[in-house]
Amino acid sequence: MGLAYNVYLDAKRIYGCKTCKTHLADHDEIISRNFRGQHGKAYLFNSVVNIQQGEAGERNMTTGRHVVRDIACRQCKEVVGWKYDRAYESTEKYKEGKYILEQELLCQVN
C-alpha cells in the first residue's frame, strides 16, 4: 500500500468538503437534487472522488429499506454523505452504486 493522493477535478463547478475544501464531485455528475439528508438538502451523484467508505448497513429511509454506507472526506475524515449499495424496492434500484452528498456539508471550489 502506498500513499493516497487526492484527485483534483478539472470542471467549471466543483463541490468540495466544507471543512477542508478537498474536491469531492463535479457538478455535471449530479443525477438529482431532490433528496434530503440529516442536514437538509442533498444531491444524488453518479460519482465522487477523495472519499473513504464506511461499513455497509441496512437503514430504513423515507423511500424504503436500503443497504448504505457513510462516506467521509479522505482528507479531514468528516462524513459528507452516503453511498447506496442496495435498494430492495424495484423503483429505487437506480440509486444502487450512487452517492448522496449533503449540501450543508459542501462548498463550491473554483
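Residue numbers start at 1 and run along the sequence shown. These values consider heavy atoms only, across backbone and side chains, with no hydrogens, waters or symmetry-generated copies.
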Q | Nearest heavy atoms of Gln53 and Tyr99, plus distance in Å | A | NE2-OH, 3.9 Å
Q) To the nearest 0.5 Å, how far apart are NE2 in His66 and CH2 in Trp82? A) 9.5 Å
Q) Can you tell me how far CD1 of Ile100 sits from OH of Tyr43, rounded to the nearest 0.5 angstrom? A) 11.5 Å
Q: Report yes if the side chains of Lys18 and Glu104 come closer than 4.5 Å at any heavy-atom pair, otherwise no.
A: yes
Q: Indicate yes or no: at least one non-hydrogen side-chain atom of Phe35 is less than 4.5 angstrom from one of Glu102.
A: no
Q) Under 4.5 Å between any side-chain heavy atoms of Val109 and His23, yes or no? A) yes
**Q.** Same apolar cluster (I L V M F W Y, side chains within < 4.5 Å links), Val79/Val68
**A.** no
(Q) Applying salt bridge (charged side-chain N to carboxylate O under 4.0 Å, His left out) as the test, list every pair that has at least one member in residues 62-82; sequence neighbours left out. (A) Glu58-Arg65, Arg59-Asp70, Arg69-Asp85
Q. What distance do Thr19 atom OG1 and Leu105 atom CG have between them, rounded to the nearest 0.5 Å?
A. 7.5 Å
Q: Could I get the full list of ring-ring contact (aromatic ring centres under 6.0 Å, His included) partners for Tyr88, not counting sequence neighbours?
A: none
Q. Run the side-chain contact (heavy atoms from CB on, under 4.5 Å) check on Gln75 and Asn6 step by step: do they pass?
A. CA-CA 8 Å; Gln75 189 71 34; Asn6 283 343; 2.8 Å; yes
Q. What are the two closest heavy atoms between Cys76 and Cys20, and how far apart are they?
A. SG-SG, 3.8 Å
Q.
Could you measure the distance from the OH atom of Tyr94 to the CG atom of Leu44? Nearest 0.5 Å is fine.
A. 6.5 Å
Q.
Other residues, nucleotides and ligands only: do more than 12 of their heavy atoms fall within 6.0 Å of CD on Glu96?
A. yes
Q: Is it possible for you to say whether Val80 and Val48 belong to one hydrophobic cluster, with membership spreading through side-chain heavy-atom contacts below 4.5 Å?
A: yes
Q.
As an exercise, state the distance from CG of Asn50 to OH of Tyr5, rounded to the nearest 0.5 Å.
A. 13.5 Å
Q) Heavy-atom count around Asn34 CG within 6.0 Å, excluding the residue itself: above 12? A) no
Q: Would you kindly confirm whether Leu24 and Ile14 end up in one hydrophobic cluster when ILVMFWY residues are joined by side chain heavy atoms under 4.5 Å apart?
A: no
Q.
Which heavy atom of Ala87 sits nearest to which heavy atom of Glu92, and what is that distance?
A. CB-O, 3.4 Å
Q) Would you say Leu101 and Ile71 make side-chain contact, with heavy atoms under 4.5 Å? A) yes
Q: May I ask you to decide if Thr63's main-chain N or O and Glu89's side chain share a donor-acceptor pair within less than 3.5 Å?
A: no
Q: Could you tell me whether the side chain of Lys83 reaches within less than 4.5 Å of the side chain of Ile51, counting heavy atoms only?
A: no
(Q) According to side chain to side chain contact (heavy atoms under 4.5 Å, CB included), who are the partners of His27, at least two apart in sequence or on a separate chain? (A) Arg13, Tyr15, Ile30, Arg33
Q | Connected via hydrophobic side-chain network under 4.5 Å: Ile31 and Leu9 | A | no
Q: Would you check if the side chain of Asn46 reaches a backbone N or O of Glu29 as a donor-acceptor pair within less than 3.5 Å?
A: no
